[in-house]
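Written below as structure tokens is the structure these notes are about.
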Amino acid sequence: MRVLIVLIVAVAALVQAAAGPALFAHPLAAPILPAAIVVAWAAMRGPEETWAALPLPAVVMGALSDERAGWFLIALLPAPLLGMAVARRARRTGAGL
């Protein structure tokens, strides 16, 4: 399943780079779509499956922009932990995901 999340997030990075200029003032300022997918996946399946998905979208968006891939990687690092926090809160409050 780790390969699936890596591929999904890589495609999301391409969509972010292609659709970004039409939707956002600074389309590559933050990896919004890949981060949202990683958060959702981590909330449902656990953060251990999402760590492998972080470098590829960072490299893709870094190659398609003037920014360095490392900045995108830094922006994506909190996403698995945020997903874990969402899952814990949902379990604690009794709300299903």
On a heavy-atom basis, which atom in [X] and which in [Y] lie closest, and how many Å separate them?
X     : Y     : result
Arg45 : Glu49 : NH2-OE2, 3.0 Å
Leu76 : Ala58 : CD1-N, 4.3 Å
Ala52 : Val6  : O-CG2, 3.5 Å
Ala79 : Ala35 : CB-O, 4.0 Å
Ala42 : Pro80 : CB-O, 3.6 Å

**Request:** State the CH2-CG distance between Trp41 and Leu4, to the nearest 0.5 angstrom.
**Result:**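 CG of Leu4 is found 4.0 Å from CH2 of Trp41.
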
**Prompt:** Which value, rounded to the nearest 0.5 Å, describes the distance between Met84 atom CE and Arg89 atom CZ?
**Reply:** 15.0 Å

**Item:** Val38 with Leu73, same ILVMFWY side-chain cluster at under 4.5 Å
**Value:** yes

Taking only residues two or more places apart in sequence, or in another chain, which ones meet [X] in a side chain to side chain contact (heavy atoms under 4.5 Å, CB included)?
X     : value
Leu77 : Trp51, Leu54
Arg68 : Trp71
Ile37 : Ile5, Ile8, Val9, Ala12, Leu33
Leu82 : Val39

